[in-house]
Amino acid sequence: MTDEPAKTTIEDAYDPQAIEPKWQALWAKERAFAVPNPKPGRPEWNERSTYVLEMLPYPSGELHMGHVKNYTLGDVVAHFRRRGGWKVLRPMGYDAFGLPAENAAIKEGGQPREITERNIGRIREQMQRMGWAIDWEREISTHTPEYYRWTQLLFLKLFERGLAYRKESLQNWCPKDQTVLANEQVVDGRCERCGSEVEKRSLEQWFFRITDYAEALLDEMSLLEQWPERVLTMQRNWIGRSEGAEVVFRVENTEIDVPVFTTRPDTLFGATFFVLAPEHPLVAELVAGRPEEEAVRAYVKQAQGRSNIEREEKAKDGVFTGRNMVNPVNGARIPIWVADYVLMEYGTGAIMAVPAHDERDHAFARQYELPIVQVIAPREGEVDVQVEAYVSSSPDDVLVNSSEFSQSPSPEAKRSIINWLGAVGLGDAKVSYRLRDWLISRQRYWGCPIPIVYCDKCGIVPVPGSELPVLLPEISDFLPKGRSPLATAEEWVQVKCPSCGGEARRETDTLDTFVDSSWYFIRYCDPHNAEAPWDRQIVDHWMPVDQYIGGVEHAILHLMYARFFTKALADMGMLGFREPFARLFTQGMIHYRGAKMSKSKGNVVMPNPYIERFGADAVRLNILFMGPADQDAEWQDSGIEGTSRFLGRLWRTVLEAADKPMSSKVTPLARKAHQTIAKVTDDIDRRFVFNTPIAAVMELVNEINRAPQDPGARFAAETAVSLIQPYAPHIAEELWQRLGHERLWIEPWPTYDERLLEQEAFELVVQVNGKVRDRLPASVAASEEQLVELARSSPRVAPYLEGKQIRKTIVVPRKLVNLVVG
RNA sequence: GCCGAAGUGGCGGAAUUGGUAGACGCGCUGGACUCAAAAUCCAGUGGCCUUCGGGUCGUGUGGGUUCGAUUCCCACCUUCGGCACCA
């Protein structure tokens, strides 16, 4: 089609429905955005290259405006970089395993695979209709054996390294989805997906040892200079690092030692009782055969019946065990209680209670009339710890009632008490984390099978790498029954032990889908490799991702898991970098009718009806024109009408200019065009803002219309087309062609002439005592003295100077003169 | 409770290094074109006052620094987000 005469004969109307498919077809035919991997050693290996990536979509069948914003942002960056001379890797794929497809199969029948693949077909078509510049030759989907075979291999690698393990523990159980949930998937005690109240169940499950990487996840944030501070803060909060001490208490008249974690070793002399979590393994042993046994058992049973929400909302309660602890610092006997305000999951599941300096312990002490002993005091003033706990971390606090440590400042006492404990072997400095290991097994069907076999003789046996993938069998009944639906596939479950050849059974749980999406960005670099998950040399060439773009809702889950994977794989020598995403941009959410878009609220806005009415270019332009991309924004139909109108204006303006000759004269329009290039380039490149460049191009187009006689009109029009191309590529290509050119998408990004950024004349603002009194035309060449003279001679300024003395004169070159009078 | 972000016309927003507050767009008002409408184009559009020259107030609130503050500092209010029985 580029062989045709460049310019059509008539000035037809802007018709996105005609031009958009035309250019999309050409891009596909020319493989315009495909980027083959370079070969090491060849010249192309050393070309400037960059990796622009947006978060992997779940293929729900319908694209919504959140997707549109995400992928259009990436598109603008990718186009901008490509035209800036970079080779741009920009792939796309699908996070295709997961509950929605499985639930749809339960509700409407059919196979999750069929439903998913149908949805992928639909969403792919809609993405292509948006005209995004994607290398479709690298498309992947996490549900295909070609992909999950490697997910399984990576699981085995982590298993070999001891980073994947099985343990029995109390878990979050969603009664509706009939599966366990990772800690991160429980929000306010409810299932993140369906909102059901989460129950506790003791189950044997698979985990990834992400806690081994807690320190690295914190420390290596220094490699993430370009990440939004709020995301880093959220991850820091989530990891929840606390420094303190582990202190060992001994049960009186026994040899049973119980460690506790405390951030306040300086309060050790104030410990007046001791509390075990109801789930603590020692509870039964301590009360066995004692008069308190029955009451304690009853309390533990009652506590286990309570959800986390109930535990938190009720008043603190507990029960005395009849046993005592010995405080290691002073030998004091303190009673041992069991109470559910102490969590088994954190620290050691046991605490030393210091009611004088901890609100929770204080409330408990008041409830059961336990003694409250003050051991920390402010340097000045009095506090009454009987009334209220004195919780302070002021370095000015000093210890009291603490034997030889009394009068020590609190920070110093922390250190010296830890040292003392270390010397006598009863404690040590210790760091504790809120972060728990990542629970990865799910009792659901539509996920990646865990490549593990259970053998009575050999125990847990990994499936050998050569036997991967462990294919997900097709079954007919997906209804959750509290165990994995895969358990019903008897023939599949029965297997020979890879180790001894005897009878064995397959693992029937599947992997959390966050595992699938924790490495997809690596696979994109080498998506068709059939021998290995990737070739390290190729991956190291592209990675880390230079610009990652996605929703802030993934600030913790996905982003932390992906970071963990990358570090673990780097430690195994499989990668040459430790952080997957060098720069991160988190976009704000699209709201509609005053609320977040959500299926349950029925306010999901889809781009399709708008594409039909206004075209993809208008949709793309509008989603970025709405406001700063990192902020939430409300979708409004009136907005897209405006952007669509602008495209019509651009169309007419450019076609009119296309009849005019190119001129290199320095005219006001030529200057404006150069200024616009500078503005748009700086905004996208340095400031990473996407709404103001659109406004700048709008201004330029308005200027062209106001000055049709300016010889710079054609240059300005070509500039406008070129600058809007990353946002609205179809209309830009069409106009570029009608301007007599070809293939704007590979055209170098326009450059500007510094000398043309300044106008010859400017409007001098004249202030008197900081108030604007006049605006006068002035030359940029004028000296400061000339400007002051100009200002003083203004008739509008004169009345304000009358009878006054000018005390000070401030001149801002090319801007203003301020006369200070008094 | 702790941590973080943000408050600017009727609306979305702009103002990048302390220097003309309100760019750009929506909406609204008036006009042109039309038999009429749509589309398009032109002009106006922060509040109050006005003798139509202009004056005055104005960026959540109250202070401060400065010749000059949406921008910097202090205190507070509101909204949103994250964390929260984590010892």
Salt-bridge present (A:Glu789, A:Arg792; N to O < 4.0 Å): no

What contact category does A:Gly347 fall into here, base, sugar-phosphate, or nothing, at under 4.0 angstrom with non-hydrogen atoms? nothing

For A:Ile376, does its backbone N or O pair with a side-chain atom of A:His357 as donor and acceptor, under 3.5 Å? yes

Is any side-chain heavy atom of A:Glu246 closer than 4.5 Å to a side-chain heavy atom of A:Val260? no

So what does A:Val552 hit on the nucleic acid, given a heavy-atom distance under 4.0 Å: a base, only sugar-phosphate, or nothing? nothing

Any base atoms under 4.0 Å from A:Arg236, or only sugar-phosphate, or nothing? Heavy atoms, all strands. nothing

Lys/Arg-Asp/Glu bridge criterion (N-O < 4.0 Å) met for A:Arg264, A:Asp358: no

Can you tell which of B:A14, B:G54, B:G81 lies closest to the side chain of A:Thr692? B:A14

Distances under 3.5 Å between nitrogen or oxygen atoms of protein and nucleotides 3-7 of chain B:
none

Atom-to-atom span, CZ of A:Arg775 to C1' of B:A21 - whole angstrom: 10 Å

A:Glu641 CD to B:C11 C1', straight-line distance once rounded to whole Å: 14 Å

Does any residue of residues 806-821 of chain A have a heavy atom under 4.0 Å from RNA chain B, and if so, which ones, in number order? A:Lys808, A:Ile810, A:Val812, A:Lys815, A:Leu816, A:Asn818, A:Val820

In terms of side-chain geometry, is the basic nitrogen of A:Lys679 or A:Asp682 positioned less than 4.0 Å from the acidic oxygen of its partner? no

Is A:Lys672 paired with A:Glu699 through a side-chain N to carboxylate O contact shorter than 4.0 Å? yes

Taking the basic N atoms (NZ, or NE/NH1/NH2) and the acidic carboxylate oxygens, is any pair closer than 4.0 Å for A:Glu229 and A:Arg236? yes

Any ion pair linking A:Asp361 and A:Arg366 (charged N to carboxylate O, less than 4.0 Å)? no

What is the distance, to the nearest angstrom, from the NZ atom on A:Lys771 to the P atom on B:U66? 18 Å

Distance check needed: B:G25 P versus A:Asn691 CG, whole Å only. 14 Å

Write down the distance between CH2 (A:Trp238) and P (B:G82), rounded to a whole number of angstrom. 11 Å

Contiguous pairing runs of three or more, Watson-Crick or G-U under 3.5 Å, that involve RNA chain B: B:1-7 with B:77-83, B:10-12 with B:24-26, B:27-32 with B:40-45, B:46-49 with B:54-57, B:60-64 with B:72-76

Residue whose nearest RNA chain B nucleotide is more 5′ - A:Ala695 or A:Glu634: A:Glu634

Is there a side-chain contact between A:Tyr341 and A:Ile351 in this structure, where contact means two heavy atoms from C-beta onward sitting under 4.5 Å apart? yes

Please give, in whole Å, the distance from B:C83 C1' to A:Leu232 CG? 16 Å

Let me know, please, whether A:Ala633 or A:Leu343 comes out on the 5' side of the other along RNA chain B by nearest nucleotide. A:Ala633

Between B:U40 and A:Arg649, counting only base atoms on the nucleotide and side-chain atoms on the residue, is there a donor-acceptor pair under 3.5 Å? no

If I take atom CG in residue A:Asp683 and atom C1' in nucleotide B:G13, what distance separates them, rounded to the nearest angstrom? 14 Å

Show, in sequence, the C-alpha distance, side-chain angles and deciding distance for A:Val817 and A:Ile810, and conclude whether the side-chain contact (heavy atoms from CB on, under 4.5 Å) test is met. CA-CA 6 Å; A:Val817 168; A:Ile810 286 124; over 6 Å; no

Contact between A:Leu650 and A:Ile731 at the side-chain level, heavy atoms closer than 4.5 Å - yes or no? yes

Output all residues satisfying side-chain hydrogen bond (donor to acceptor under 3.5 Å, both in side chains) with A:Ser644, sequence neighbours left out; order by chain, then residue number. none

Using a strict heavy-atom distance below 4.0 Å, which residues from residues 698-707 of chain A are in contact with RNA chain B? A:Met698, A:Glu699, A:Asn702

Pick base, sugar-phosphate or nothing for A:Gln767, based on heavy-atom distances below 4.0 Å to the nucleic acid. base

Which donor-acceptor pairs under 3.5 Å do the side chains of residues 620-634 of chain A make with protein atoms, sequence neighbours left out?
unit_1	atom_1	unit_2	atom_2	d
A:Arg620	NE	A:Tyr727	O	2.8
A:Arg620	NH1	A:Asp75	OD2	3.1
A:Arg620	NH1	A:Met130	O	3.0
A:Arg620	NH1	A:Gly131	O	3.3
A:Arg620	NH2	A:Asp75	OD2	2.6
A:Arg620	NH2	A:Pro726	O	3.0
A:Asn622	ND2	A:Gly639	O	3.2
A:Asn622	ND2	A:Thr643	OG1	3.3
A:Asp632	OD1	A:Met589	N	2.7
A:Asp632	OD2	A:His591	NE2	3.3
A:Glu634	OE1	A:Gly594	N	3.2
A:Glu634	OE2	A:Arg593	N	2.9
A:Glu634	OE2	A:Gly594	N	3.2

Taking any heavy-atom pair under 4.0 Å as a contact, classify A:Ser242: base, sugar-phosphate, or nothing. sugar-phosphate

From CD of A:Glu243 across to P of B:A87 the rounded distance in Å is 12 Å

For the residue pair A:Tyr610 and A:Phe614, categorise the inter-ring angle as parallel (less than 30°), tilted (30 to 60°) or perpendicular (more than 60°). parallel

If you look at every strand shown and take non-hydrogen atoms under 4.0 Å, does A:Arg241 touch a base, only sugar-phosphate, or nothing? nothing

